[in-house]
Structures are given as structure tokens and as C-alpha cells.
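None of the values given here were measured: they were computed from a predicted structure.
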Amino acid sequence: MKIFLDTADVEEIRQGVAMGVVDGVTTNPSLAAKAGRNFRDVVLEIVEICPGPVSAETVALEADEIVREGRILAKWAPNIVVKVPLMAEGLKAVKQLTSEGIKTNVTLVFSASQALLAAKAGATFVSPFLGRLDDIGQDGMILIRDIVQIFKNYNIQTEVLAASVRHPVHVLQSALAGSHVATMPFKVLQQLVKHPLTDKGIETFLVDWKQVPDAATVFAE
């Protein structure tokens with residue numbers, strides 16, 4: 001499963017990419033506002049740091065305008081994926097952008113039928129928001145499993161991108177469900193790295209190492 005960072009914070013992206021585990025980045029208008037910088041400047045910096053897919057979202061509500069914005073975004077860098085909300089006008093735009101060879105990510109997906117429509121329109125990625133479903137008392141992971149199964153049934157090439165990931169268990173469950181991608185905040189990536197037994201093991205090893213006779217010189221040059 002690919003791991004994307006869901007952020008517009010370039011320092012978080014630098015740290016994630018340096019770990020060697022980040023395959024891409026997703027952004028949205030809310031994350032862009034939180035970054036407090038010009039959107040174009042942020043995106044151009046992100047695509048330099050991360051060579052993988054970087055989703056940048058359109059804000060128009062009519063197909064012609066979505067396509068126009070998508071073309072502008074796609075010109076910024078070859079690894080930009082145009083992010084489009086799931087709606088009738090969005091699907092029209094995805095069909096057109098796809099016909100022009102522009103990759104798309106259909107976002108704000110909350111049902112398997114929406115995901116199927118996005119795939120039929122030609123979306124490169126569909127982004128079901130599992131965390132937001134959990135927030136209203138539904139099991140968001142059921143949605144991920146349903147979409148993965150439907151896409152397998154028909155050999156659909158659109159990738160399932162589990163979004164609105166809130167904690168490490170969401171990441172594990174998404175991987176078990178067969179999601180192609182999980183996009184997450186940087187803090188969730190940090191949580192995936194940590195385990196108390198790992199920390200305890202390192203602490204024990206370092207204490208024991210001090211008892212080795214040549215511990216102070218073995219790595220000296």
C-alpha cells in the first residue's frame with residue numbers, strides 16, 4: 001500500500017520523504033489555508049520535495065471552470081494530480097481532463113456507488129473519507145472494503161485512496177482491506193513508527209552496550 005501525506009506543511013513533507021516511506025501528497029483548500037501561504041508557491045515547493053503524485057484541488061463548481069482550473073494546475077508540474085469533488089459537474093470535468101491525459105483524484109466520496117461513478121468517468125484515484133463516516137457513527141472501513149471489492153470484480157484500474165485517516169488502526173485496516181493508498185496527517189505517520197517495546201528495547205541495548213569493553217572506541221575513526 002502506498003503512503004501519502006495529507007498536508008500542505010512542507011517541513012512535514014520533507015521529514016516524511018526523508019524517511020523513505022512517503023509515496024505522494026494530498027492537499028485540499030482547508031490544508032492550504034492552514035499553511036498560510038500562497039497556494040501556488042506551496043504546491044510548487046511540494047512537487048520539488050516529493051516526486052510522487054501530488055493532489056491539488058480545484059474550487060470551481062461548474063464543469064467548464066473545473067476543467068480550466070485543472071489544466072492550470074496540471075501545467076505546474078508533471079506529477080500533479082487534479083483533485084475534483086464528487087458531484088455531477090465534477091464527473092463531467094474528470095471525463096474531460098482524463099481525455100486530455102490529466103490525472104485526477106475524485107474526493108469527498110462517501111459511498112461505493114459514488115466511487116464506481118468516479119471510476120467510470122476515468123478517475124485515477126477515488127478518495128473515500130472513512131474518518132468522517134466514523135464521526136457520524138458509521139463504519140468507514142466498510143466503505144473501503146466495498147470499493148476495493150467492486151473494483152476487483154470488474155478489474156477497474158482506478159486506485160482506492162483511503163482518506164480522512166485519523167489513527168494507525170485506520171492505516172492497518174486500510175492495508176488489510178486492499179486499499180491502494182492511505183493518505184494521512186504527519187502525526188499518524190509518526191505514530192506508525194513508534195512502539196513502546198521498540199523504545200524499551202533501544203534503551204536496554206544502549207545500557208548494555210556500555211558494558212562492552214571497547215564500546216567507546218569501536219566506532220572511532
[X], [Y]: one ILVMFWY side-chain cluster at the under-4.5 Å cut-off?
{"X": "Val25", "Y": "Leu31", "value": "no"}
{"X": "Phe4", "Y": "Val21", "value": "no"}
{"X": "Val42", "Y": "Trp76", "value": "yes"}
{"X": "Leu5", "Y": "Leu44", "value": "yes"}
{"X": "Leu91", "Y": "Leu61", "value": "yes"}

* side-chain contact (heavy atoms from CB on, under 4.5 Å) evaluation trace for Arg132 with Leu108 -> CA-CA 10 Å; Arg132 293 195 191 183; Leu108 293 172; 3.8 Å; yes

Listed partners of [X] passing side-chain hydrogen bond (donor to acceptor under 3.5 Å, both in side chains), at least two apart:
{"X": "Glu11", "value": "Arg14"}
{"X": "Glu159", "value": "Lys2"}
{"X": "Gln114", "value": "none"}
{"X": "Lys34", "value": "none"}

Partner set under salt bridge (charged side-chain N to carboxylate O under 4.0 Å, His left out) for [X], not counting sequence neighbours:
{"X": "Glu89", "result": "Lys92"}
{"X": "Lys194", "result": "Asp199"}
{"X": "Asp135", "result": "Arg166"}

* **Exam field: side chain Thr124 to backbone Thr104, donor-acceptor pair closer than 3.5 Å** =>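 Judged by distance alone, yes, a pair lies under 3.5 Å.
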
* To do: Could you tell me whether the side chain of Asn38 and the main chain of Asp41 form a donor-acceptor pair under 3.5 Å?
  =>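 The answer is no, because no donor-acceptor pair under 3.5 Å joins these two groups.
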
* Which is it for Leu189 and Val22 under the side-chain contact (heavy atoms from CB on, under 4.5 Å) test, yes or no, and what are the steps along the way? -> CA-CA 9 Å; Leu189 178 61; Val22 171; 4.0 Å; yes

Are the side chains of [Y] and [X] in contact, using a 4.5 Å heavy-atom criterion?
{"X": "Trp209", "Y": "Val218", "result": "yes"}
{"X": "Glu57", "Y": "Pro85", "result": "yes"}
{"X": "Glu45", "Y": "Glu48", "result": "no"}
{"X": "Val59", "Y": "Pro29", "result": "yes"}
{"X": "Arg71", "Y": "Gln96", "result": "yes"}
{"X": "Val181", "Y": "Asp23", "result": "no"}

When rounded to the nearest 0.5 angstrom, what is the spacing between [atom1] in [X] and [atom2] in [Y]?
{"X": "Ile66", "Y": "Leu97", "atom1": "CD1", "atom2": "CG", "result": "8.5 Å"}
{"X": "Met1", "Y": "Leu172", "atom1": "CE", "atom2": "CG", "result": "8.5 Å"}
{"X": "Arg40", "Y": "Leu73", "atom1": "CZ", "atom2": "CG", "result": "10.0 Å"}
{"X": "Thr7", "Y": "Ile46", "atom1": "OG1", "atom2": "CD1", "result": "7.0 Å"}
{"X": "Leu197", "Y": "Lys200", "atom1": "CG", "atom2": "NZ", "result": "10.0 Å"}
{"X": "Glu62", "Y": "Arg68", "atom1": "CD", "atom2": "CZ", "result": "11.5 Å"}

Considering only distance and modelled atom types, tabulate donor-acceptor pairs under 3.5 Å from the side chains of residues 49-56, sequence neighbours left out.
residue: Ser55; atom: OG; partner: Asn105; partner atom: ND2; Å: 3.2

What side-chain donor-acceptor pairs closer than 3.5 Å can you find for residues 137-152, not counting sequence neighbours?
residue: Asp139; atom: OD1; partner: Met141; partner atom: N; Å: 3.1
residue: Gln149; atom: NE2; partner: Asn153; partner atom: OD1; Å: 2.8

Smallest separation among heavy atoms of [X] and [Y], with atom names:
{"X": "Val106", "Y": "Ala123", "value": "CG2-CB, 3.6 Å"}
{"X": "Thr98", "Y": "Ala121", "value": "OG1-O, 4.1 Å"}
{"X": "Ala162", "Y": "Ser179", "value": "N-OG, 3.5 Å"}

* Can you name the ring-ring contact (aromatic ring centres under 6.0 Å, His included) partners of Phe129, sequence neighbours left out? ->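 Counting only residues at least two positions away or on another chain, Phe129 forms a ring-ring contact (aromatic ring centres under 6.0 Å, His included) with Phe110.
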
* Which residues share a ring-ring contact (aromatic ring centres under 6.0 Å, His included) with His167, sequence neighbours left out ->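 So His167 forms a ring-ring contact (aromatic ring centres under 6.0 Å, His included) with His170.
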
* Asked: Passes side-chain contact (heavy atoms from CB on, under 4.5 Å), Gln191 versus Val188? Steps please.
  -> CA-CA 5 Å; Gln191 290 169 338; Val188 174; 4.0 Å; yes

* Taking it one step at a time, do Thr107 and Asn28 satisfy side-chain contact (heavy atoms from CB on, under 4.5 Å)? -> CA-CA 10 Å; Thr107 188; Asn28 61 44; over 6 Å; no

* With sequence neighbours excluded, give me every ring-ring contact (aromatic ring centres under 6.0 Å, His included) pair touching residues 48-75. =>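 For residues 48-75, and leaving out neighbouring residues, there are no ring-ring contact (aromatic ring centres under 6.0 Å, His included) pairs at all.
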
